[in-house]
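Chain identifiers are assigned alphabetically (A, B, ...) following the order of the sequence lines, protein sequences preceding nucleic acid strands; residue numbering begins at 1 within each chain. The figures here come from the full heavy-atom set of this structure, side chains too, leaving out hydrogens, waters and symmetry mates.
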Amino acid sequence: MFKKLFKPLFKKLDSVLRGVGHRIIDRLWRLGSGLRFFFYILLYSGESFRRIHLTIREIYFTGVMSLIIILVSAFFVGMVLALQGYNTLQRYGSSEAIGVLVALSLVRELGPVVTALLFAGRAGTAITAEIGLMKATEQLSAMEMMAVSPIARVVAPRFWAGVISMPLLAALFSMVGVLGGYMVAVPLIGVDSGAFWSQMQANVDFREDIINGVIKSCVFGVACTMIALFEGFDAPPTAEGVSRATTRTVVNSSLAVLALDFVMTSFMINV
Amino acid sequence: MERTTMDLWVGLFAAAGAAALIGLALKVGNLTTANIGDTYTVTAAFENIGGLKPRAPVKSAGVVVGRVDGIQFDSKTYEALVTIKVDKRFPFPKDTFANIYTAGLLGEQYIGLEAGGEPDALKNGDRIAHTQDAVVLEKMISNFLYNKASETNTKQQAE
């Protein structure tokens, strides 16, 4: 009787545990094949550098084509930062510190992070969809058939294009954001232009702030591009599979960027 | 080579990115102001440095003449030993006063140098003898309260 009562419960528990275990093992499997994929990219990089025009073509599609969205958002982010910062700072009578506020928040955090999020949405999805569709239409198998490694021909150029583009885009984001903040703070609000720049220069350190921001954006470049490439390469070769992979690219890239940002910031800032 | 327009755009993009980085370094950051050329190093001992930090400015008459290079604790005298880098263009006499001031009421702290009258100038590795500690707000308040209390006590006793 005891057995009879608990049998369905055990069955339920069993299936739940199986599901959890399956998911964990699946994640580990994907992590492992992702790492293998990463090593293959590094291995075939030399071969793809020999045909550098492939990488330049991809820099055009991922970097140059992302410029407009990056620059426009940077300008607006800078302007909003200046407006919000002024609102609080003027209560303490230190509205000249607005330059410091805008520059530090852009160079340290918002420049790399927002650029990476926009990059994941603008360029990462395109990479995933393109490679997923190449796989679905068997273009990658065709390349292998012709003894052309798809990793050297398709994947590695896109990887290096992303890694090169991201720091450049982040630097442009920070610079244009500072200019946006200047446009609001000096002509619109009437903060003194000299105090705006001199306070900024006195408090933004080249090594501590600017170089750390560049390091962050390089790491984000590797993470975003890797995730986009792997999701595309790993996608089931169906319409549904490609669409799911594209969604996963955005979700995973954003989470990876924010988590990595926290980890790196905690190393960079001495509390 | 055929894709010339694409190469041009990528070149422009790379140039703009590099220019932005240089712009950040020069216009936003302190790459131009941090390096103050040739310097000489002097030390000064303080009993209390308050919130002084490395890289804090060293000013004389309000003009930045150097930077704090490092702060150590001297376990023999129980004092803070501050290393200061001063621009070679500004020699200071040997009996210069080094004071720790606060910019504004709650601002960051800096070292103010007040020149004395001796003819000899400070050399590399010299030690500034006359120093004045940072003002600690809590100490001042407790001193003030203590004085007030003892004042009222003596008044009562006199009555």
Side-chain angles (χ1 to χ4, degrees), chain A residues 52-67 70-71 74 92-94 97 99-100 102-104 106-107 111 161 164-179 181-182 196-211 213-214 217 270, chain B residues 1-37 51-59 62-71 85 87 101-112:
Chain A
I52 194 74
H53 66 93
L54 290 174
T55 310
I56 289 183
R57 198 181 108 93
E58 293 310 323
I59 292 179
Y60 179 78
F61 283 121
T62 53
V64 178
M65 296 307 253
S66 310
L67 266 181
I70 296 277
L71 296 185
Y92 303 101
S94 53
V100 186
V102 171
L104 276 186
L106 276 168
V107 168
I164 293 168
S165 300
M166 186 74 92
L168 296 174
L169 287 173
L172 280 166
F173 189 100
S174 301
M175 195 64 226
V176 172
V178 169
L179 290 180
Y182 177 84
F196 184 86
W197 291 114
S198 68
Q199 287 228 2
M200 197 188 285
Q201 286 176 0
N203 287 290
V204 179
D205 189 61
F206 179 69
R207 219 173 322 144
E208 295 256 302
D209 299 321
I210 295 176
I211 292 294
V214 173
S217 63
N270 313 314
Chain B
M1 298 294 275
E2 339 157 28
R3 281 187 285 261
T4 39
T5 42
M6 202 174 271
D7 286 347
L8 176 69
W9 278 109
V10 171
L12 270 177
F13 169 58
L21 207 60
I22 293 169
L24 281 177
L26 298 182
K27 192 80 182 162
V28 178
N30 59 353
L31 201 63
T32 44
T33 50
N35 304 324
I36 40 175
L52 192 73
K53 289 187 187 72
R55 301 190 45 76
V58 175
K59 297 183 186 179
V63 182
V64 177
V65 295
R67 276 188 194 279
V68 173
D69 193 43
I71 298 167
K85 277 195 166 159
D87 197 317
Y101 292 125
T102 309
L105 195 60
L106 300 164
E108 64 169 353
Q109 286 182 307
Y110 64 94
I111 289 186

Any side-chain heavy atom of Phe13(B) sitting closer than 4.5 Å to one from Leu169(A)? yes

Bottom line for Val176(A): the part with an atom under 4.5 Å from chain B's heavy atoms is neither

Heavy-atom contact with chain B under 4.5 Å, split by part of Ile56(A): both

How long is the gap from OG on Ser66(A) to CG on Leu71(A), to the nearest 0.5 Å? 10.0 Å

Given a strict heavy-atom distance threshold of 4.5 Å, which part of Phe61(A) is in contact with chain B: side chain, backbone, both, or neither? side chain

In terms of relative ring orientation, are Tyr101(B) and Tyr110(B) parallel, tilted or perpendicular, with 30° and 60° separating the classes? tilted

Side chains of Val178(A) and Met200(A) in contact at under 4.5 Å (non-hydrogen atoms): yes

Under 4.5 Å to a heavy atom of chain B? For Val214(A) that would be side chain

Flag the one option from Ala19(B), Ala18(B), Ala16(B) with the top tally of heavy-atom pairs under 4.5 Å to chain A. Ala16(B)

CH2 of Trp9(B): more than 12 outside heavy atoms within 6.0 angstrom? no

Side chain from CB out, backbone as N, CA, C, O: work out which of these in Ser165(A) comes under 4.5 Å of a heavy atom of chain B, or both, or neither. both

